[in-house]
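These notes concern the structure reproduced below.
Hydrogens, waters and symmetry mates are skipped; everything else that's a heavy atom, side chains included, is used.
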Amino acid sequence: ILDRARLLCCDPDNEIRELVADELLTCLICNLSGELVEQYFIDKINELLYDTQINVKKSMIKTFLKFQHKFPRNIYNVT
């Protein structure tokens with residue numbers, strides 16, 4: 001399931017990436033340990049944060065800010 005979720009982060013359809021950035025990653029972050037999220041998704045979260053489609057980027061920023069406490073401080077230093 002985690003590998004499939006990673007693939008969806010790179011889907012060519014921006015609507016799919018928007019759903020991933022909002023709903024799928026929210027579900028995964030809530031149900032996985034911080035270490036597992038970091039291991040499997042930190043690179044994909046970075047990609048979605050810098051996505052060229054504004055709706056994808058907006059959804060990922062919203063999700064990231066909601067769950068920033070789950071990410072290691074040495075990776076993202078958001079105050």
Side-chain angles (χ1 to χ4, degrees):
I1 291 175
L2 297 180
D3 290 332
R4 178 69 178 139
R6 281 181 53 83
L7 288 174
L8 288 173
C9 291
C10 304
D11 196 277
D13 185 345
N14 66 307
E15 291 177 2
I16 298 295
R17 291 191 318 274
E18 183 179 358
L19 286 170
V20 168
D22 186 13
E23 297 177 22
L24 180 61
L25 283 176
T26 294
C27 179
L28 291 172
I29 291 168
C30 285
N31 292 296
L32 297 175
S33 69
E35 293 81 20
L36 203 53
V37 170
E38 180 184 351
Q39 179 184 349
Y40 275 90
F41 294 103
I42 216 68
D43 59 328
K44 298 304 179 184
I45 289 170
N46 278 331
E47 289 176 20
L48 293 170
L49 283 170
Y50 291 99
D51 199 279
T52 57
Q53 298 295 318
I54 193 69
N55 289 340
V56 175
K57 186 184 292 193
K58 179 182 170 185
S59 291
M60 190 64 250
I61 290 170
K62 182 177 123 185
T63 300
F64 176 76
L65 291 176
K66 184 176 179 181
F67 296 105
Q68 68 180 341
H69 64 280
K70 286 243 182 182
F71 300 107
R73 293 267 180 214
N74 60 349
I75 292 179
Y76 294 105
N77 190 9
V78 179
T79 56

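- When all heavy atoms of Lys44 and Cys10 are compared, the closest pair comes out as NZ-SG, 3.0 Å.
- Contact check for Leu8 versus Ile16: side-chain heavy atoms found under the 4.5 Å cut-off.
- Residues Leu7 and Leu32 do not share a hydrophobic cluster, defined by chaining ILVMFWY side chains whose heavy atoms lie under 4.5 Å apart.
- Not a single donor-acceptor pair under 3.5 Å links the side chain of Thr63 to the backbone N or O of Thr26.
- Proximity of a side-chain donor or acceptor of Arg6 to a complementary backbone N or O of Tyr40 within less than 3.5 Å is detected.
- Remark: side-chain polar atoms of Asp22 are not paired, donor with acceptor, to backbone N or O of Glu18 under 3.5 angstrom.
- Clustering ILVMFWY residues whenever any of their side-chain heavy atoms sit less than 4.5 angstrom apart, transitively, puts Val56 in the very cluster that holds Ile42.
- Considering only heavy atoms from C-beta on, Asp11 stays 4.5 Å or farther from Val20 through its side chain.
- Taking 4.5 Å as the limit, every side-chain heavy atom of Ile61 sits out of range of all side-chain heavy atoms of Lys58.
- Counted within 6.0 Å of CD on Gln39, heavy atoms from surrounding residues, nucleotides or ligands total more than 12; the atom is thus considered enclosed.
- Atoms CZ and OG, from Arg17 and Ser59 in turn, are 11.0 Å apart once rounded to the nearest 0.5 Å.
- No option in Leu28, Ile45, Leu25, Ile29 other than Ile29 meets the side-chain contact (heavy atoms from CB on, under 4.5 Å) test with Phe67.
- Remark: Gln53 CD to Asp13 CG distance equals 9.5 Å, nearest 0.5 Å.
- In summary, of the residues considered (Leu65, Asp51, Leu49), a side-chain contact (heavy atoms from CB on, under 4.5 Å) with Met60 occurs for Leu49 alone.
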